[in-house]
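Structure first, commentary second.
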Amino acid sequence: MTESLVEKLDYEATFDCVQCGYCLPVCPTYIAFKKEKHSPRGRINLVKLAAEERISIDDMQEGIDLCLGCRACETVCPTNVRYGDILMSAVEVLKENKQMDIVEKAARTSSFKFALKNKRVLGLINRGIYAYQSSGMKKAVKMTGILGKSKKMDQMNRAMPDIILSRRITRNVNPFRRKRLSVGFFEGCIMDAFFANVNRLAVKIMQKNNIQVTNIPGQTCCGALQHHTGESEETLKLAMENIEAYEKYDFDYIVNTIGGCGATLKEYDKLFEPGTGWHERAKKFTGKVRDISQIMAMIDFDFNHEIKKNAVYQPSCHLENVQQVFEAPLDVIHQVPGLNYMEMNEKSLCCGSAGIYNILHFDESMQILDLKMENVKKSKPDLIITSNPGCHIQMKLGVEREGLADEIEVKHIVEIAAEACGVRGN
Amino acid sequence: MEHVVLKEFENIMGKRLLTEIDDRMSYGYDGSFGQYIPDCVAQVMSTEEVQRIMEIADWHEIPVCARGASTSLSGGPLPVRGGIVLDFSQWDTKLEIYPDDLIMKVSPGVRTGDIHKLAEAHNLMYPPDPSSSSICTIGGNLAENAGGPRGVKYGVTKDFVIGLEIVTADGKVLRTGGRTVKNVTGYDLTKLIVGSEGTLAVITEATLRLIPKPSDTRTAMIIFEDLYTAGKSISKILTSGVRPSKMEILDHNAINKVEDYAGLGLPREAVAIILVEVDGDPDVLVKELGIVRKALSEIGVENVQVASNKEEEARLWQVRKLVSPAVVSSGYTKISEDATVPLSRIPDMFRKIDEIKKKYNLNIVVFGHAGDGNLHPTINTDMRDPEEVDRVERAVEEIFNYAIELGGTLSGEHGIGTMKKAFLATEMGEEGVAFQQAIKRALDPKNILNPGKIFPEKGEKRLVLRND
Ligand SMILES: Cc1cc2nc3c(=O)[nH]c(=O)nc-3n(C[C@H](O)[C@H](O)[C@H](O)COP(=O)(O)OP(=O)(O)OC[C@H]3O[C@@H](n4cnc5c(N)ncnc54)[C@H](O)[C@@H]3O)c2cc1C
Ligand code: SF4
Ligand code: SF4
């Protein structure tokens, strides 16, 4: 048993932590819950102790469960502790250890295993949300199963974005006819269903700027949500399917509009043993993954529409801390005419959305959102720009909870760029 | 701990008394070594809470360990005998500045970095600047008498505290010092408590002294080809009439580690480099650097590079900042020492450490605060290899002993804690230890305040890096 726990948990990586505490001031859960066990330093220590069997697996559960996985701790760590790996190993072990409680299980099986992978079902969900949007029937949202049935979710329902029907985008383009830049477009699943419009705009912006965009068949969900909740066999399978699907083409980049998915794609190589063929293939794949903001930052935009707003930007944690994309979105934002960009206090602090954290740990998530909204209010913006669907919904929720829905708009960075260059959705 | 005692603590603290095993474990380590398990943790937020806890602890003879951000590198906050941990890190509620009096009043959990920021916002400065400023608490700084690069010109924590509120071992609240810089009424209790590592009293408030903020800084890098000259340069600069605000040294190994890590274009062949910062009026700074240059050329040192703008200056200091991360390679643990020697003996110390490095076949780099002789020989080791750890323990012992032999000290700023207590008598002599113990017994007769620190156990002679 000892051996296997030391192996299953990333015990090796815990030794990189020198317990200096540099990560404490950037950890949202430490700031919100005020206890060492909710800090990166505390969590790493708990995993180490569990591996050494000085505490039980159950004893590390609370600390690990309440981690957002935002990985802000990695960005500041002077010794480059691989916190993401430590966390994932702990989530896996915990999942094996415990029977999932009923609510969680329901949320996971209905929405993930089934819906996320199945484009047809996703389409249905999407249309369901569309029906909800147009008719105002609350039932339709509950159909998704993602939002659960709890009363608390009402607020979340209100934060749902304006959805348009997801239609096939560019599938008919011949990928072998090359233009200036050629990119494969990673649709994603949540994004596809919830943010079809953003995806469509992204594609149009790229096409307008002479980039050849291909939406290839055979791609599937990135596996992020499965990964975060400890279902790594499933993730591995999805990764292999995606790598295979993209290998058939010779793209310059593989582009996505979702910080979280992009991060998972970017780390596909970590799923395979170095030295193996699959690791090589994964490396090739990850080398091409780019966020839409990075592509947009390469474009010589011809922005001709003013957006007269005072805006703040809420980065996606995974875009920053895993993909290490910090400046590209700001490069785009700064180019928008009329837009007054304001740097928000503690901008990089997670908003508390974190995959399905806000569903599994609603109260804690709201505590973290409240911290974020304090900072938003200090800047007094009338626009919040986001770069990830999860954050987008969460920020809408935040605005809603503060009663500021009439004063503050929430928009994805792609929507902003589209507006500025006169690209429309439909 | 008996259930009734826990209940009594809980009556005071409510939900801020932590008793679950994951919480207890999480307050059982620091930036040094070892994992201990306190019986409970109290996240105190007021003097009254501390005072009531001390009364109960005194009555039941329960060990009490104060803890700030637990960045101590010497084992200071470790609950080695169990008991209750007083977590001060959340008590950051009081941060008041009185610019006209040049003072600040702070609660013990305020982060040093926040003190810096508030002072600067008023064009003032709180000089003590441990590298851990963004995390460590003022309470921890006071208890360890923390220093930092600016020590060479401005001094350390003890030079900037003029008054304290403390709670004694038997739960009495009293104030030491006051709001004035000059104060000779009675013994200087403030200085007695500062640096006492939580073993004489618990600090619940501090009054700090501020100075006007220097308007500008300039930085130069001096490159050396032999250690003897590097050592001589330190004294030469300090006696030239210019008082640098920072003066940091990196040895050959440190330079190369940083270069491997970050590729900043440092001179890899150099035996050492020294970074010198001067602060004050911009016109004066240019003159001061001229004086430094001239003094150095008198002893044949010509390789002096002055940063021409702020970016270059920032890049030079980046070098110093990167030493710590650069020396930690994956899977290894960093052991940083802080033996301090008289300025003229710095080259001897460097040479000795190089010898020790070879003798024990270890990965040691040396860097530190050249201006006050405070060196940080840092060893990178695999804590899972008992044989190697054994060699490290012997090497560190040799470093300690040599520092003392040179007329230096075991610790310049990190404190004694659990790590260096075996060597206390070597430096202070038996009488010195006995005198300190007499003070400890008088103020804490039941030995409940942070027991197991500073003073060696009977027969304890060796450095031990492991407790488990
Ligand atoms: C990366 C890094 C860099 C560092 N750089 C420096 C440096 O440049 N200079 C330097 O001097 N040190 C340095 N240190 C060491 C450490 O940061 C200092 O010793 C600091 O003062 C500890 O503060 P803390 O809040 O973390 O206290 P802790 O580590 O929690 O406690 C330190 C000691 O203070 C006592 N204590 C804490 N609060 C109170 C209180 N309210 N009343 C009574 N006793 C109390 C504890 O019992 C313990 O003995 C560094 C450490 C790290 C990890
Ligand atoms: S910053 Fe890195 S090394 Fe320091 S405590 Fe956090 S995880 Fe550990
Ligand atoms: S991933 Fe985010 S929430 Fe989790 S420990 Fe790191 S900083 Fe904290």
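In what follows, every chain begins at residue 1, and chains take the letters A, B, ... in the order their sequences are listed. Predicted, not measured: the structure shown is a model, and the values here were computed from it.
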Side chain from CB out, backbone as N, CA, C, O: work out which of these in [X] comes under 4.5 Å of a heavy atom of chain A, or both, or neither.
X     : answer
B/R67 : side chain
B/L18 : side chain
B/S70 : both

In chain order, what residues pass the side-chain hydrogen bond (donor to acceptor under 3.5 Å, both in side chains) check against B/E388, with sequence neighbours excluded?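 Once residues adjacent in sequence are excluded, the partners of B/E388 under the side-chain hydrogen bond (donor to acceptor under 3.5 Å, both in side chains) criterion are B/T381.
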
Contacts of type side-chain hydrogen bond (donor to acceptor under 3.5 Å, both in side chains), residue B/Q43, not counting sequence neighbours: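 Applying side-chain hydrogen bond (donor to acceptor under 3.5 Å, both in side chains) to B/Q43 gives B/Y27, B/D87.
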
Mind ranking B/V41, B/D30, B/T71 by heavy-atom pairs under 4.5 Å with chain A and telling me who comes out on top? B/D30

Heavy-atom count around [X] [atom1] within 6.0 Å, excluding the residue itself: above 12?
X      : atom1 : answer
A/E280 : CD    : no
A/Q324 : CD    : yes
B/I37  : CD1   : no

Checking A/I55, A/D58, A/L49 against B/I21 for side chain to side chain contact (heavy atoms under 4.5 Å, CB included), the one that qualifies is A/I55

From B/Q35 atom CD to A/K48 atom NZ, the distance as rounded to the nearest 0.5 Å: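 Taking CD in B/Q35 and NZ in A/K48, the distance rounds to 9.0 Å.
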
Say you draw a straight line from SG of B/C136 to CG of A/L24; how long is it, rounded to the nearest 0.5 Å?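 The CG atom of A/L24 is 12.0 Å from SG of B/C136, to the nearest 0.5 Å.
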
For the candidates A/R41, A/M60, A/E62, which exhibits the highest count of non-hydrogen atom pairs separated by less than 4.5 Å from chain B? A/R41

Just to be sure I understand the criterion: a residue of residues 29-38 of chain A counts if one of its heavy atoms is under 4.5 Å from a heavy atom of chain B. Which ones qualify? A/Y30, A/K34, A/K35, A/E36, A/K37

Run the numbers on B/S26 and A/N45 for side chain to side chain contact (heavy atoms under 4.5 Å, CB included), then give the verdict. CA-CA 7 Å; B/S26 298; A/N45 194 53; 5.6 Å; no

Examine whether an atom of A/R43 lies under 4.5 Å from a heavy atom of chain B, and if so say whether it belongs to the side chain, the backbone or both; otherwise answer neither. neither

Contact summary for [X] and [Y], nearest pair of heavy atoms:
X      : Y     : value
B/I135 : A/G21 : CG2-O, 3.1 Å
B/D22  : A/D59 : CB-O, 3.3 Å
B/R111 : A/P25 : NH1-CB, 3.9 Å

Only counting residues at least two apart or in another chain, list the ones meeting salt bridge (charged side-chain N to carboxylate O under 4.0 Å, His left out) with A/K378. none

Intermediate values then yes/no, side chain to side chain contact (heavy atoms under 4.5 Å, CB included), B/R384 and A/E12: CA-CA 10 Å; B/R384 287 154 292 186; A/E12 285 297 310; 3.0 Å; yes

